[in-house]
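Report on one structure; see the data block that follows.
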Amino acid sequence: MQVMEKKKFKFKMPGAFSILFILTIVAVIATWIVPSGSYSKLSYNSAAGQLNIKSPTGTVHKAPATQKELTKLGVKIDIQQFTSGGITQEISIPNTYQRLKQHPAGLDKITSSMIQGTIEAVDIMVFIFVLGGMIGVVKASGAFESGLLALTQKTKGREFLLIALVSILMVLGGTLCGIEEEAVAFYPILVPVFLAMGYDSIVCVGAIFLSSSVGTAFSTINPFSVVIASNAAGINFTQGIVWRIVGCVVATICLLFYLYYYCRKVETDPQSSYSYADHEEFKQLWSVLSDEDAHTKLSFSVRKKLILVLFIISFPIMVWGVMTQNWWFPTMASSFLLLTIIIMFLTGTGPAGLGEKEVVDAFVNGASSLVGVSLIIGLARGINLVLNEGLISDTMLHFSSSLVQHMSGPLFIIVMLFIFFVLGFVVPSSSGLAVLSMPIMAPLADTVHIPRYAVVTAYQFGQYAMLFLAPTGLVMATLQMLNMRYSHWFRFVWPVVVFLLIFGGIILVAEVLLS
């Protein structure tokens, strides 16, 4: 008689959607437990040329847009930052926190916040859909496979060089213009290349998402992070820039060494990959070359070369638009769509063309493949909506500010680093956390006689150390796109988080002691 073997229970980390659903429930519960409260909010009405001051209870009164008025409110920011459009979001007014009647969220908020968050993320979602459609058409044309085969042959024996170049470019994009969500656009180009070189999904995320995030953590002139935060802190963003540049260089070198160590480990023993358990699924999802068609796709036709050129130039055009023309997702989506239409025409026409129906189907199929990624971004925003509408975000900020008063300078800045680490989970938007926290936190630096730019630096290091991990940020969308488990990513990234907190802490203490 055969005895059936009893199966052992093995915990498996939930997927991205399940994690965000659980966190939404936790956020709703928190609105019942954490006291509600709010600061008064200050904004500039450009049409009327006046300041709007909204009290915690919601009443609004107007005030003249003068420096004297800001001084009276205790807001140490140049009035030109408001009148020139440098600060467009509401900022918190110091010393105005007020406890309010509890605003607990109902059970219906679990689902309605998901819907509302998705609606608010529609601009990013449209961009991702257009990008997916473009990828689908380029794949259908065969141009991508041809270029990929040629590239892997030319880089044979120097595989890590491409990883290093991509990482450095991503760091520069992060530190100069805050490339984060935009980095999603680079996966379709680079992941099949890295896969053909023998690397795994971890290397792909490390070279793109992690590298751009390291650059953003050490932002030098990033307008969405250090510039907004410095403006809200009442200082020029060039203050402390030398520290950030030095930190960025050191962090980039350490990142490259870490990636090199992991790449060599995977090259030596593919089973040592942290994501080896899913390597077959990853290969099926992203590999675009097969042994049967490798020889037929080795040679480019002029048409395929033109398609590939149009596909590749769309990305530097996007970076140029973001850095110099203040493009946002609708404009980026429009530029991608224009080039996609041209690519569809080249793919569908001619003797070897696929025809109108085939290229349209390729666009639709490509867009539909990224529906999951788009929904993840919307669901993450829904969690922040629950916290904000429950009026507990400002309560967390008020509690955090009360912790650091009357401390010594070095201790103050280290505690501030970890406060921003926690707040990065609650408010994963770099610009959102800057305008929410800086008017409250930056003046506290004056009370312990340290420069305000140290608080701005602590905000950068703390928030981005959390954003490497936080499901409320971009990481879940990235992992969903590559079908990677969160547990695999955590195993790879936790040393980087520890490095950022320790190295960042050293820089912060040095800023305080040498100021």
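The analysis underlying the following values was restricted to heavy atoms, covering all of them including side chains, and did not include hydrogens, waters or symmetry mates.
Counting only distance, with no hydrogens or angles, the side chain of Tyr199 and the backbone of Val191 share no donor-acceptor pair below 3.5 Å. Side-chain atoms of Thr395 come within 3.5 Å of backbone atoms of Gly37 as a donor-acceptor pair (strictly under, hydrogens ignored). Between the side chain of Ser36 and the main chain of Gly390, a donor-acceptor pair closer than 3.5 Å is present. The main-chain N or O of Ile208 is found under 3.5 Å from a side-chain atom of Ser212 such that the two form a donor-acceptor pair. Ser113 places no side-chain N or O within 3.5 Å of a backbone atom of Ile383 that could act as its donor or acceptor partner. Distance alone, capped at 3.5 Å, places no donor-acceptor pair between the His61 side chain and the Thr59 backbone. Between the Ser141 side chain and the Val138 main chain, a donor and an acceptor come within less than 3.5 Å of each other. Between the Gln463 side chain and the Phe425 main chain, no donor and acceptor come within less than 3.5 Å of each other.
Between Arg99 and Asp394, no side-chain nitrogen of the basic residue sits less than 4.0 Å from a carboxylate oxygen of the acidic one, so the salt-bridge criterion is not met.
In this structure, Phe461 and Phe218 have tilted ring planes: the angle between them lies in the 30° to 60° band. Relative orientation of the Tyr258 and Phe492 rings is parallel, given thresholds of 30° and 60° on the angle between their planes.
Here the shortest heavy-atom pairing between Leu255 and Ser211 reads CD2-OG, 3.4 Å. The two residues Thr96 and Pro56 make their nearest non-hydrogen contact at O-CG, 3.8 Å. Between Gln460 and Ser225, the shortest heavy-atom distance links the atoms CG-OG, 3.9 Å. For the pair Leu482 and Ser201, the tightest heavy-atom approach, listed with the atom from each and the gap, is CD1-O, 4.2 Å. Closest heavy-atom contact between Ile53 and Ala63: CD1-CB, 4.0 Å. Residues Pro35 and Gln102 share a closest heavy-atom pair of CA-OE1, 3.6 Å.
The environment of Asp123 atom CG is dense: over 12 non-hydrogen atoms of other residues, nucleotides or ligands sit within 6.0 angstrom.
Counting heavy atoms from C-beta outward, Leu339 and Phe311 have side chains that stay 4.5 Å or more apart. Side-chain contact between Thr31 and Val386 is present, with heavy atoms from C-beta onward closer than 4.5 Å. The closest side-chain heavy-atom distance from Leu42 to Asn52 is not below 4.5 Å. Between Leu210 and Trp489, the closest side-chain pair of non-hydrogen atoms falls below 4.5 Å. In this structure the side chain of Tyr97 never reaches within 4.5 angstrom of the side chain of Ser38, judged on heavy atoms. Within the 4.5 Å cutoff, no side-chain heavy atoms of Tyr459 are placed close to those of Val226. Looking at Val371 and Met125, their side chains never come closer than 4.5 Å, going by heavy atoms from C-beta outward. Proximity of Phe194 to Ile163: side-chain heavy atoms (C-beta onward) are separated by under 4.5 Å at one or more points.
One distance of note links CG of Leu259 with OG of Ser167; it measures 5.0 Å at 0.5 Å rounding. Note that the CG atom of Leu354 and the CG atom of Asp361 stand 10.5 Å from one another [nearest 0.5 Å]. One distance of note links OG of Ser275 with CD1 of Ile202; it measures 4.5 Å at 0.5 Å rounding. Interatomic distance, CG of Leu387 versus OG1 of Thr24, reported as 9.5 Å (0.5 Å rounding). Phe468 contributes atom CZ, which lies 9.5 Å from atom CG of Leu501 (distance to the nearest 0.5 angstrom). For the atom pair OG1 (Thr347) and CG (Leu306), the distance works out to 9.5 Å, reported to the nearest 0.5 Å.
Ile119 is linked by a side-chain contact (heavy atoms from CB on, under 4.5 Å) to Ile115, Gln116, counting only residues two or more places apart in sequence or in another chain.
In summary, the side chains of Ser92 and Lys41 do present a donor paired with an acceptor at a separation below 3.5 Å, with no hydrogens or angles considered. With no hydrogens or angles considered, no side-chain donor-acceptor pair links Ser40 and Ser55 at under 3.5 Å. No hydrogens or angles considered: nothing links the side chains of Ser219 and Thr175 as a donor-acceptor pair under 3.5 Å.
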- Message: As a quick check of understanding, evaluate side chain to side chain contact (heavy atoms under 4.5 Å, CB included) for Asp200 and Tyr276, giving each step before the final call.
- Response: CA-CA 8 Å; Asp200 63 359; Tyr276 185 77; over 6 Å; no
**Asked** Given Tyr274 and Tyr262, is the ring pair (Phe, Tyr, Trp, His ring centres under 6.0 Å) satisfied, shown in steps?
**Response** CA-CA 10 Å; Tyr274 295 160; Tyr262 183 81; 5.1 Å; yes
query = Between Lys62 and Leu51, does a side chain to side chain contact (heavy atoms under 4.5 Å, CB included) hold up when you go through it step by step?
reply = CA-CA 6 Å; Lys62 302 182 186 301; Leu51 296 173; over 6 Å; no
TODO: Take Leu467 and Ser213 through the side chain to side chain contact (heavy atoms under 4.5 Å, CB included) test and state the conclusion after the steps.
DONE: CA-CA 8 Å; Leu467 291 186; Ser213 296; over 6 Å; no
Q: Begin from the C-alpha positions of Phe363 and Met344 and carry the test side chain to side chain contact (heavy atoms under 4.5 Å, CB included) through to its verdict.
A: CA-CA 8 Å; Phe363 181 89; Met344 291 174 74; 4.2 Å; yes
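The aromatic ring centres of Phe129 and Phe336 sit 6.0 Å or more apart.
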